[in-house]
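Start at 1 and go down the list; that is how both ligands and their atoms are numbered.
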Amino acid sequence: MSVKQWKQVITISVILIIVLLLILTIFFALRVHNYQKDVESGKLVNLAQFGELDAKELSGLFKYLGSVEADSNLEYQTLFPDLYIDNDFNFIPTDEKIAYLTFDDGPNADNTPVVLDTLKKYNVKATFFVVYQDTPTANALYKRIVDEGHTIAVHTASHEYTKIYESVESYLTDFEKMASHIEAVTGTKPEIFRFPGGSINSYNAGIYREIIAEMTRRGYVYYDWNVSSGDAASGYISRTRIANNVLNGSASQDDAIVLMHDGPGHGETAAALPQIIEGLKKQGYIFQGLDNTVTPWCFGY
Ligand code: ZN
């Protein structure tokens with residue numbers, strides 16, 4: 001080709017690249033825009049669909065969502081004026097392999113102390129998505145979770161699916177009961193939560209979009225999981241099987257948010273924990289509690 005032809009090829013290539021970048025920019029801007037509109041109308045938030053956004057873009061989006069004012073046309077948005085987190089939303093990307101061990105449905109007098117002892121022995125921080133109990137034993141365990149440097153987070157007060165997923169108001173009422181109890185007992189205001197049954201389940205099918213939109217507007221972040229221990233399946237599940245489920249699941253991940261339970265009947269999970277921690281270490285993982293620097297892991301819909 002002549003010099004002139006080369007110049008033409010280069011010019012056309014540059015123009016094509018610019019047009020492509022422009023299209024991509026507009027595409028992402030429109031998606032963000034629609035997302036914001038949907039949150040304002042209390043309609044839709046699908047955090048998983050923003051998997052393509054990097055941590056900084058996602059933080060900015062969440063900051064915006066957390067600044068949307070309550071709309072008096074949506075009565076639930078005006079309920080519980082203290083149920084807000086002044087969240088700085090600063091998701092920080094990391095190259096390290098991090099395992100976030102999470103325990104749902106506790107505290108439990110038999111299992112939670114065993115879990116806490118093991119975590120202490122290995123110097124591992126984890127996250128507890130707790131349920132409501134106002135007893136001296138439970139209150140001492142909520143406190144111990146916080147005192148030992150773990151993340152305490154809201155699961156639900158009642159864990160009764162039909163009740164909490166009846167309406168956004170019901171969900172907020174249940175959530176407020178748990179969040180204010182944690183704060184009263186431990187002095188820590190919880191900032192993150194996990195939906196009973198996961199963010200999408202057969203009980204909340206008609207309503208989860210509105211609940212997610214409202215909770216995000218109030219500054220809270222939720223976490224589903226990408227590794228399941230399978231410890232909530234029906235029937236007896238041995239500690240070996242629980243540990244194998246976790247280690248098989250985590251082997252293919254870069255970051256592992258591991259679902260486990262420390263509620264009643266989960267003695268085998270507590271017993272499996274040393275094997276799980278040692279196995280994850282061998283896979284190259286380090287351990288952290290969840291906090292608002294961790295990019296949310298959410299089921300897509
Ligand atoms: Zn649960």
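Here salt bridge (charged side-chain N to carboxylate O under 4.0 Å, His left out) pairs that include residues 2-17, with residues two or more places apart or in two chains, number zero. Sequence neighbours left out, not one pair with a member in residues 270-283 passes salt bridge (charged side-chain N to carboxylate O under 4.0 Å, His left out).
Looking at Tyr222, Phe195, Tyr76 one by one, the single match for ring pair (Phe, Tyr, Trp, His ring centres under 6.0 Å) with Tyr171 turns out to be Phe195.
Qualifying side-chain contact (heavy atoms from CB on, under 4.5 Å) partners for Glu183, counting only residues two or more places apart in sequence or in other chains: Lys189.
Atom NZ of Lys63 has more than 12 heavy atoms from other residues, nucleotides or ligands within 6.0 Å. Crowding of Gln5 atom CD: a count of heavy atoms from other residues, nucleotides or ligands under 6.0 Å exceeding 12.
Listed by chain and number, the protein N, O or S atoms at a distance under 2.8 Å from the Zn ion (ligand 1) are Asp105 OD1, His155 NE2, His159 NE2.
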